[in-house]
Each structure stands twice: as C-alpha cells, then as structure tokens.
A.B. asks: 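Provided herewith is a single structure, encoded as structure tokens, for subsequent inquiry.
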Protein chains: 2
Amino acid sequence: MPDHPKAPQGETAQRIVAIAMELIQTKGYSAISYQDISDRLGIRKASIHYHFPAKTDLGIAAIEAYAAGLQSYLQEVAGDERLTTAALFDHYCGPFLQLAAAPDTICLCGALAGEILALPKAMRPSVKAFFEMHEAWIEAMLVRGVARGEVSPDVDPRRVARTVFAALQGALLVQRAAGGAGRLEAVVATIRTLFAAP
Amino acid sequence: MPDHPKAPQGETAQRIVAIAMELIQTKGYSAISYQDISDRLGIRKASIHYHFPAKTDLGIAAIEAYAAGLQSYLQEVAGDERLTTAALFDHYCGPFLQLAAAPDTICLCGALAGEILALPKAMRPSVKAFFEMHEAWIEAMLVRGVARGEVSPDVDPRRVARTVFAALQGALLVQRAAGGAGRLEAVVATIRTLFAAP
DNA sequence: GTCTATACAAAGATAGAC
DNA sequence: GTCTATCTTTGTATAGAC
C-alpha cells in the first residue's frame, strides 16, 4: 500500500529523487535536466527515464518526498502536549534554520513557487498543498497557544500564521541572494514578537 | 550620459525590456526565451539579438529598469518630511499590493532570487543590490520614525526591516502559488504591528 | 533595424540490445 | 535496470541580404 502509487520506491529511484530535490532547491526546476542528475548519479540519462519516464513525474516525486518528510516531523512535534507554544515554534523553525545554514539552499516549494507558471500543471497542486499544510500547522499552533494562555487572545491566528510563513520563506530567498549573517535568526526572533506573551 | 552605458534606449529596446520584465515576473528567467518575446512583440527573434546580443544582456537590462523605477519612487516618497511613518509605510507597500492584485505576478527580483544559482553570474549582483536597497530604505524609515517619536525606541531597525521585507516577498510568492484573498493586506496589517506605536 | 537562413548545442524522450 | 544510439524540438546565437 504505497503512499503514492506512481512513485517508484527502488533504491536507485530514491537516490534520483534525493538528487532532484537538492538540485531544485539550489537551481530550480526549469534549469535542471536529466543530464545534471546523470552526472551526479553516475548512470546515463536514459536510465533515469526508466524510473521517471517524464520530467514531470520526477518533479512530482520530489515535491511529495520533500513534503512527506516535513509533514511527519511536524505531526510528531504537534502531538507533544508537554511543549509550550514557544518550544513548538522553535521546533517549527528548526528546518528553516537548517536550510539557512546550508549554503545556497532554500525551501523546495519556495523555489518552485518562484517559477510556478513555468511548471507542468500537474506539479502545481502539490506546491499549493505544501503551503496550505504549513499555514494550517502554524495556525493550529496559535489556536492551541491561545487556549493554553500562552498566546494573546488578540492574535488573529490565520493572519499571523500567514505572516510568519511568508517571512520565513522570504527570508530564505533573500538570504541566498543577498547574504546577511544571522538573517534567519533575526527574522525568527522578530516574528516571535507577533504572538509571544509580553 | 546614459545611466547604463550598455543598455540600448531605443523604443523597440524599451518594449523588449518591458516584455522581458513581465515574463520574468510570471515565469522566471530560465523558462523564457527570445521566441516568447518575439511572439508578443511581433518581430523575429533574430531582431531581438540586434538590441540585446545575449540573453544575459537582456536580463541585466530588465533588472536595472525594474530597480530604477522603484528606486525613483522610493526616493521621492522618502523625501517628503510631512509624511508620518505610517503613511511612509503605506506608500512603501503600495507596489507590493499592486503586484498582488495583478494575477500571477511577483516581484521581479523575488522571482530571480528563486533561481539565483541558475542565473548568469553577471546578473546576480543586481539582484543583491535591489534587496539591499529595499532593506536599507525600510531601515531608514524606521530610524526616522524613532527620531520622530512615531516608532518605539525598542525596535531594532535592521532586524525589523529584514523581517518586513522578507514577509512581503514571501507573501507574494505564497499568494501566487496558493492563493488566499486579502493575503497581502493581512500580512501588511500584521507586520505593521512590529513597529507601530501602541 | 528587421528579415531569412542556418549553425550548434542541449533538452526531453524512445527503441532496442544486453 | 542500464546501456548505446537516435529522434525531435527548442534555445541561443550568428551571417548576410534587404
């Protein structure tokens, strides 16, 4: 009972997806080719077509793999009742801080969003779903925080969630192009004041 | 004494740049071709090479034209001593709200930042300069606001400027991929609380 | 300044041998 | 599953006529 019926799960297929993810996060989807993957993997590009007949198939597999990894992490974190809102937020920001620490890497879906109209139509709903999942998670975190008395009832969870997510995605984007040591940390600290209790 | 010695200034050249700007904002740089521009302009792609011999030349011209337009607007606004910080911020956000209202359009440099490593090296410094100019402008607005007593002295202008800019860029990116009516307005309203006087 | 024609490389993809 | 070989299309760019 595979999660995604059409996504190959063999070892080579997984390595192809891993390379594709990395390349998309650094160069984007339009700019990469089967040749780029072939060069890194050490097998011919025709062989990659055996696993992913069309580039669209590979693109979708890359998004789904990326989203699945983050989703399972976030679900696990959200289930821990002992965590304060502040701790929950720290956990949420972890992957973004990691991306910022790795040179030249941004969120895979952030990269794809920048060229969304150049993507095959079949890839677009997955990007949208990724964004909606994240915003819903942050919103739920805030609602929970209000219920626990850790977030001010004046906070509009939907609005703040959208702002927090936009700031993190934007910070990754700007940091890679313009640099700025400690940029992500500064943005995280600043957006925390949007909902942290005084 | 042209601003950019190598950038053609003829009427056709300007129309080419305008089309290139629009296409980059919607589809990105890697995904567009001289053929795309040819189709819209009604002249053959070989003729476009007369004005911009290499695609890199056109890319640079597009960034410079885009940045110049925004810079002159921002300089004019910043020079008006009568404007309160709140009014200044509204003026700053205007172009972002306009982009959000136009379907499928994001900031040109936001789009380029998403594929920065796929860009010709000659284009990258212009993107960086654009981001630095914007963050410096916002920072100056906040410093001015503190001096005028309209912004709390507790605000760290550099950090808040980076956060505000990241949130706006990210909001455009996310909105185009995931939709969300009133998203930009919500984000603008929320980030205003980062520095608005209580 | 724009055209036709063309060169050249790269991309996505398929066929068939092993 | 991977290979070689090949096909087709597209992209960037140039040459030379008008």
Side-chain angles (χ1 to χ4, degrees), chain A residues 2 5-24 26-63 111-112 115 117-124, chain B residues 2 5-24 26-63 111-112 115 117-124:
Chain A
K6 287 190 177 175
Q9 294 294 331
E11 210 174 287
T12 303
Q14 284 179 18
R15 249 179 294 169
I16 292 168
V17 169
I19 292 170
M21 282 172 47
E22 189 191 320
L23 286 173
I24 292 171
T26 49
K27 298 179 55 182
Y29 177 83
S30 300
I32 67 172
S33 68
Y34 275 40
Q35 189 60 55
D36 294 326
I37 296 165
S38 168
D39 293 340
R40 298 215 186 185
L41 188 57
I43 72 175
R44 300 291 178 169
K45 61 176 181 166
S47 308
I48 301 172
H49 280 284
Y50 169 79
H51 299 279
F52 300 96
K55 195 184 174 188
T56 303
D57 302 322
L58 177 54
I60 294 175
I63 307 179
L112 293 177
E115 53 180 339
L117 295 179
L119 300 181
K121 286 203 172 68
M123 289 178 63
R124 300 180 198 175
Chain B
K6 288 192 176 174
Q9 296 293 332
E11 209 174 288
T12 304
Q14 284 179 18
R15 250 180 293 170
I16 292 168
V17 169
I19 292 170
M21 283 173 46
E22 189 191 320
L23 286 174
I24 293 171
T26 49
K27 298 180 55 182
Y29 178 83
S30 300
I32 67 172
S33 69
Y34 275 39
Q35 188 60 55
D36 294 325
I37 296 165
S38 168
D39 292 341
R40 299 214 185 186
L41 188 56
I43 72 175
R44 299 292 179 170
K45 59 178 179 166
S47 308
I48 301 172
H49 280 284
Y50 169 80
H51 299 280
F52 300 95
K55 195 184 173 187
T56 303
D57 302 322
L58 177 53
I60 293 174
I63 306 179
L112 294 176
E115 52 180 340
L117 294 179
L119 299 182
K121 287 203 171 68
M123 287 178 65
R124 300 179 198 177

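Naming: A, B, ... by sequence-line order, numbering from 1 per chain.
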A.B. asks: For L119(B) and L112(B), which heavy atoms make the closest approach, and how far apart are they?
C.D. replies: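 L119(B) and L112(B) have their closest heavy atoms at CD1-O, 3.8 Å.
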A.B. asks: Please collect all salt bridge (Lys or Arg N to Asp or Glu O under 4.0 Å) contacts where either partner lies in residues 10-24 of chain B, sequence neighbours excluded, each pair once.
C.D. replies: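 Passing the test, one end in residues 10-24 of chain B: E11(B)-R15(B), E22(B)-R40(B).
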A.B. asks: Starting from the first five and the last five pairs of the helix from dG1(C)-dC18(D) to dC18(C)-dG1(D), work out the angle between the resulting helix axes, to 10 degrees.
C.D. replies: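 For the helix from dG1(C)-dC18(D) to dC18(C)-dG1(D), the axes at either end differ by 0°.
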A.B. asks: Of all the heavy-atom pairs spanning S38(B) and I48(B), show the shortest one and how long it is.
C.D. replies: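 Closest heavy-atom pair between S38(B) and I48(B): N-CD1, 3.6 Å.
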A.B. asks: Residues two or more places apart in sequence or in another chain: which of them pass side chain to side chain contact (heavy atoms under 4.5 Å, CB included) with Q14(B)?
C.D. replies: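 Partners of Q14(B) under the side chain to side chain contact (heavy atoms under 4.5 Å, CB included) test: Q9(B).
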A.B. asks: Sequence neighbours excluded, which residues qualify as side chain to side chain contact (heavy atoms under 4.5 Å, CB included) partners of S47(A)?
C.D. replies: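 Applying side chain to side chain contact (heavy atoms under 4.5 Å, CB included) to S47(A) gives I43(A), R44(A).
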A.B. asks: If you look only at pairs with a residue in residues 54-63 of chain A, which of them pass as a side chain to side chain donor-acceptor pair (under 3.5 Å), with sequence neighbours excluded?
C.D. replies: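 Counting only pairs at least two positions apart or across chains, no side chain to side chain donor-acceptor pair (under 3.5 Å) contact touches residues 54-63 of chain A.
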A.B. asks: Mind listing the residues from residues 10-20 of chain B sitting with a heavy atom below 4.0 Å of DNA chain D? Number order is fine.
C.D. replies: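 When residues 10-20 of chain B is checked for heavy atoms under 4.0 Å from DNA chain D, there are no hits whatsoever.
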A.B. asks: Side chain to side chain contact (heavy atoms under 4.5 Å, CB included) with D39(A): which residues, sequence neighbours excluded?
C.D. replies: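 Expected list: Q35(A).
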A.B. asks: Expressed as a whole number of angstroms, how long is the span from D39(A):CG to dA11(C):C1'?
C.D. replies: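 Atom CG in D39(A) sits about 13 Å away from atom C1' in dA11(C).
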A.B. asks: Apply side chain to side chain contact (heavy atoms under 4.5 Å, CB included) to S30(B) and list each qualifying residue two or more places apart in sequence or on a separate chain.
C.D. replies: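 S30(B): side chain to side chain contact (heavy atoms under 4.5 Å, CB included) contacts with S30(A), A31(A), E115(B), A118(B).
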A.B. asks: With sequence neighbours excluded, tell me which residues meet side-chain hydrogen bond (donor to acceptor under 3.5 Å, both in side chains) with S33(B).
C.D. replies: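 With sequence neighbours excluded, S33(B) shows a side-chain hydrogen bond (donor to acceptor under 3.5 Å, both in side chains) to D36(B), given in chain and number order.
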A.B. asks: Is there a side-chain contact between Y50(A) and P8(A) in this structure, where contact means two heavy atoms from C-beta onward sitting under 4.5 Å apart?
C.D. replies: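 Y50(A) does not reach P8(A) side chain to side chain.
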A.B. asks: Encode nucleotides 4-18 of chain D as B, S and - characters from 5' to 3', where the letter depends on protein heavy atoms closer than 4.0 Å: B to the base, S only to sugar-phosphate, - to neither.
C.D. replies: BB-----SBBB----
A.B. asks: Just to confirm, is there a sub-4.0 Å distance from OP1 or OP2 of dG1(C) to any side-chain nitrogen or oxygen of Y50(B)?
C.D. replies: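 Indeed, a polar side-chain atom of Y50(B) lies that close.
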